[in-house]
Peer 1: 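Here it is, the structure in full.
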Amino acid sequence: SPTRGMPEEISAAGGEVMANKWISVSDDLPEHNNVVETQIDDENGCRNETTLKRQGTLWFVPDGTMYVYYRPTHWREPTP
């Protein structure tokens with residue numbers, strides 16, 4: 001099983017590594033102040049893909065100057 005917050009490596013034909021797997025916020029949360037990729041993915045589709053950092057129960061833009069008025073449903077470590 002993948003390590004918390006680390007990319008899941010799946011060996012495909014040719015030995016390629018798959019991109020980071022999205023993690024549901026109901027299953028796990030990123031560390032405080034750790035900038036991660038976030039999104040909302042629900043019955044209305046996938047939207048609001050951006051980088052944010054969590055501080056307590058709020059999600060902030062990376063520089064910490066403003067929080068967003070929604071709660072992401074999924075997050076993952078930034079892809080290089």
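As the structure is a prediction and not an experimental result, all values here were calculated from the model.
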Peer 1: If two hydrophobic side chains count as joined below 4.5 Å and joins carry through other members, does Val61 share a cluster with Leu58?
Peer 2: no

Peer 1: What's the shortest heavy-atom distance between Ser24 and Trp75, and which atoms?
Peer 2: O-NE1, 4.5 Å

Peer 1: Could you report the tightest heavy-atom contact between Asp42 and Arg47, atom names first, then the distance?
Peer 2: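 Heavy atoms only, the tightest pair is OD1-NH1, 2.8 Å.
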
Peer 1: Taking atom CZ of Phe60 as the centre, report whether more than 12 heavy atoms of other residues, nucleotides or ligands fall under 6.0 Å from it.
Peer 2: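 For Phe60, atom CZ is crowded (more than 12 foreign heavy atoms under 6.0 Å).
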
Peer 1: If hydrophobic clusters are built from ILVMFWY residues whose side chains come within less than 4.5 Å, do Val35 and Val68 share one?
Peer 2: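 Result: no, two separate clusters.
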
Peer 1: Can you confirm whether Thr50 sits close enough to Trp59 that some side-chain heavy atom of one is under 4.5 Å from a side-chain heavy atom of the other?
Peer 2: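 No. Closest side-chain heavy atoms not under 4.5 Å.
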
Peer 1: Minimum heavy-atom separation for Ile40 to Arg71, with atom names?
Peer 2: CG1-O, 4.2 Å

Peer 1: To the closest 0.5 Å, what do you measure between NE2 (His74) and CG (Asn48)?
Peer 2: 13.5 Å

Peer 1: Please report the shortest heavy-atom distance between Val25 and Pro72, naming the atom on each side.
Peer 2: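 That would be CG2-O, 3.3 Å.
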
Peer 1: To the closest 0.5 Å, what do you measure between CG (Asp28) and CD1 (Ile23)?
Peer 2: 6.0 Å

Peer 1: Show the nearest heavy-atom pair for residues Glu49 and Gln39, with the distance to one decimal.
Peer 2: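 Shortest heavy-atom separation between Glu49 and Gln39 comes out as OE2-OE1, 3.4 Å.
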
Peer 1: Do the side chains of Glu77 and Asn34 get nearer than 4.5 Å, heavy atoms only?
Peer 2: yes

Peer 1: On a heavy-atom basis, which atom in Glu37 and which in Trp22 lie closest, and how many Å separate them?
Peer 2: O-CZ3, 3.5 Å

